[in-house]
Structure formats: C-alpha cells, structure tokens
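Remarks on the structure that follows.
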Amino acid sequence: MLIIDGKKVSQDLKNELKSSVDSYQAITGKVPGLTVIIVGQDPASQGYVRNKAKTCKEIGMISSVIEMPSETTEKQLLDTIHELNNDPAVHGILVQQPLPEHIDEFTVNLAVDPSKDVDGFHPENLGCLVMGRLDKCFVSCTPYGILELLGRYNIETKGKHCVVVGRSDIVGKPMANLMLQKLDAADCTVTVCHSATQNISFYIKHADILIVAIGKAGFITADMVKLGVVVIDVGINRIEDPATKSGYRLVGDVDYEGVSAVASAMTPVPGGVGPMTIAMLMKNTLLSFQRINGL
Ligand code: GUN
C-alpha cells in the first residue's frame with residue numbers, strides 16, 4: 001500500500017513557495033503578507049495560529065497576528081477586517097474559527113474582501129469554485145491540499161467514483177465540488193454522505209476514492225471499503241492513551257491498521273492531510289500577492 005505522505009509533499013511545496021517568494025522579492029522589492037485574526041483564547045486555535053505565523057516566516061512572507069479578546073463585539077471585528085481589506089501590505093486575511101458564539105461566522109466571512117480571502121470561505125469564492133472557475137477564486141485550504149496530494153501522487157481520478165463523507169462548508173462541500181469539477185480538478189463522479197445518510201455502508205463500499213471528514217475516531221473500518229480504494233482521512237481526533245507522555249494521541253476517522261490492509265493508497269494521521277492545509281494557505285497567500293501585483 002502506498003502511504004500518501006503529506007508531511008513530505010507539504011515540505012516540497014513550501015520549498016517551492018520559498019523560491020517563488022525570494023524571486024518576487026528580488027524583482028519587486030515586495031513580499032506577500034498574511035494577517036491572522038484570533039478572537040478569544042481557545043488553546044487549539046492558538047496553536048494553529050502560531051503554526052501559520054511560523055510557516056509564513058519560514059518561507060519569507062510577512063505574518064501578523066491580531067489577538068482580540070473573547071468579549072470583542074461583532075462590529076469591532078468587522079471594523080478590523082475592513083481596515084485590513086484596505087491595507088495594501090496585506091494580501092491574505094484569515095479569521096480563525098471557531099468564533100465566540102455572539103459573533104456570526106457567515107457575517108464575518110462576507111466581510112473579508114474576496115480578493116484577500118485566502119481561506120476561500122467567502123460565498124463569492126465558494127460560488128466560483130462551484131462554477132468551475134478555479135482561476136478566479138481561492139479554494140478552501142484543506143480540500144485544495146487533498147487535490148494537490150492526489151495530483152502529486154498521480155492518482156487516477158477521471159471518471160472514478162469519489163465518496164465524500166461529511167458536508168461542512170469548510171471541507172465536505174468544497175471537497176465534493178472540487179472532485180466533481182473537470183478543469184484543473186479531479187473529474188470524478190461524486191457522492192456526498194452525511195449524518196442522515198441511510199445505508200451509508202452501501203456508498204462507502206462503492207467508493208474508488210474515499211474522503212472522510214466527520215470527526216469520529218476510527219469510524220471507517222476494513223470491512224466497509226472496497227479492495228484497492230484510495231483513502232483520504234481528514235479527521236484529527238484526540239483519544240486517550242496512557243502509554244504516551246501527554247496521555248493522548250491523534251487518530252483519524254479511519255481505522256488505519258485495518259483499512260491499510262485493503263486500500264491501495266492512504267493518508268496517515270498525523271502526517272497526511274494536516275500539513276497540507278497550512279502549505280495551501282501559503283500557496284493561496286502567494287497567489288493573492290501575484291494577482292494583486294499583476295505578476
Ligand atoms: N479553524 C480550523 N481550521 C480552520 C481554517 O482552515 N481556517 C480558519 N479560518 N479557521 C479554521
């Protein structure tokens with residue numbers, strides 16, 4: 001079985017991006033800039049944001065993090081976003097989710113200038129993706145990273161049956177559309193399954209490519225999949241493990257041990273999809289810089 005190594009591919013991609021950033025800097029004297037806004041003190045979100053800032057610096061981009069207290073009003077957050085929309089040194093704006101309950105995420109997604117929306121969460125970007133204009137939009141980083149992995153491993157997608165399990169706005173919906181899309185994408189026949197799907201095993205068993213993003217540890221087991229299936233595991237679940245120093249370990253939505261004996265290719269957790277998400281955020285930020293500067 002082929003292990004789809006997201007850690008390695010993301011490092012290759014970051015090296016390529018660094019070379020591009022360096023050469024653009026030599027030509028224009030400018031570098032891409034990403035600003036991340038975090039509201040509140042969620043430890044997991046703080047970790048993700050630190051990682052994003054660190055990766056920016058590694059590849060020579062400017063990164064700033066705006067930390068706002070959890071009592072921040074929606075209006076204050078929207079005002080901050082509008083300032084960044086108008087700041088020419090900012091090419092990418094990312095508002096870390098989840099937001100506190102009193103702030104409406106959809107309103108926030110709408111406020112980010114679509115041309116700086118490197119998360120691809122603005123309806124204009126999602127709409128462009130649905131209409132197949134990848135050249136005009138930003139694609140949400142996790143689905144985009146998965147497409148990149150399939151491409152770099154030369155995994156045949158055209159005409160295959162892809163089953164996406166999960167229908168979130170961030171992963172499931174953009175993923176399904178990307179797999180469906182022909183130009184610059186996968187050209188698959190796509191089925192989307194979710195928590196209300198009846199007889200979900202039927203669809204999963206008929207998948208040539210199975211993409212799982214539901215947040216349930218070990219949900220997909222060997223008996224559920226077809227021999228030779230390509231499995232992409234988006235889940236990152238903490239499970240207790242007294243044998244480790246921290247007392248827990250990370251596992252995916254797929255039972256790796258069991259399914260790897262049946263699959264032809266598979267992403268591990270950790271080291272599969274996760275590292276690709278940040279690398280694609282950097283790719284989107286560079287893309288925004290190129291578009292804004294006509295490069
Ligand atoms: N929270 C978890 N993943 C993401 C992401 O990709 N973007 C944002 N903005 N928030 C997140």
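Note that the structure is predicted; figures quoted are calculated from it, not measured. Atoms within a ligand are numbered from 1 in the order they appear, just like the ligands themselves.
Of all atoms in ligand 1, numbered sequentially from 1 with element shown, those under 4.0 Å from a heavy atom of Val95 are 8 (C), 9 (N). The contact set between ligand 1 and Leu94, taken as ligand atoms under 4.0 Å from a residue heavy atom, comprises 9 (N).
For atom 1 (N) of ligand 1, the closest heavy atom belonging to the protein is Gln97 O, 2.9 Å. The protein atom (non-hydrogen) at minimum distance from atom 4 (C) of ligand 1 is Gln96 NE2, 4.2 Å.
The shortest heavy-atom distance from Phe121 to ligand 1 is under 4.0 Å.
Asp42 and Gln46 form no side-chain donor-acceptor contact under 3.5 Å, judged by distance and modelled atom types alone.
Residue Asp119 has at least one nitrogen or oxygen atom sitting less than 3.5 Å from a nitrogen or oxygen atom of ligand 1, judged on distance alone.
Panel note: side chain Ser23, backbone Ser19; a donor-acceptor pair is recorded below 3.5 Å. Using modelled atom types, one side-chain atom of Glu74 and one backbone atom of Asp104 make a donor-acceptor pair closer than 3.5 Å.
Val171 is connected to Leu149 through a chain of hydrophobic side-chain contacts under 4.5 Å among Ile, Leu, Val, Met, Phe, Trp and Tyr, so both are in one cluster.
Glu16 pairs by the salt bridge (Lys or Arg N to Asp or Glu O under 4.0 Å) definition with Arg152, not counting sequence neighbours.
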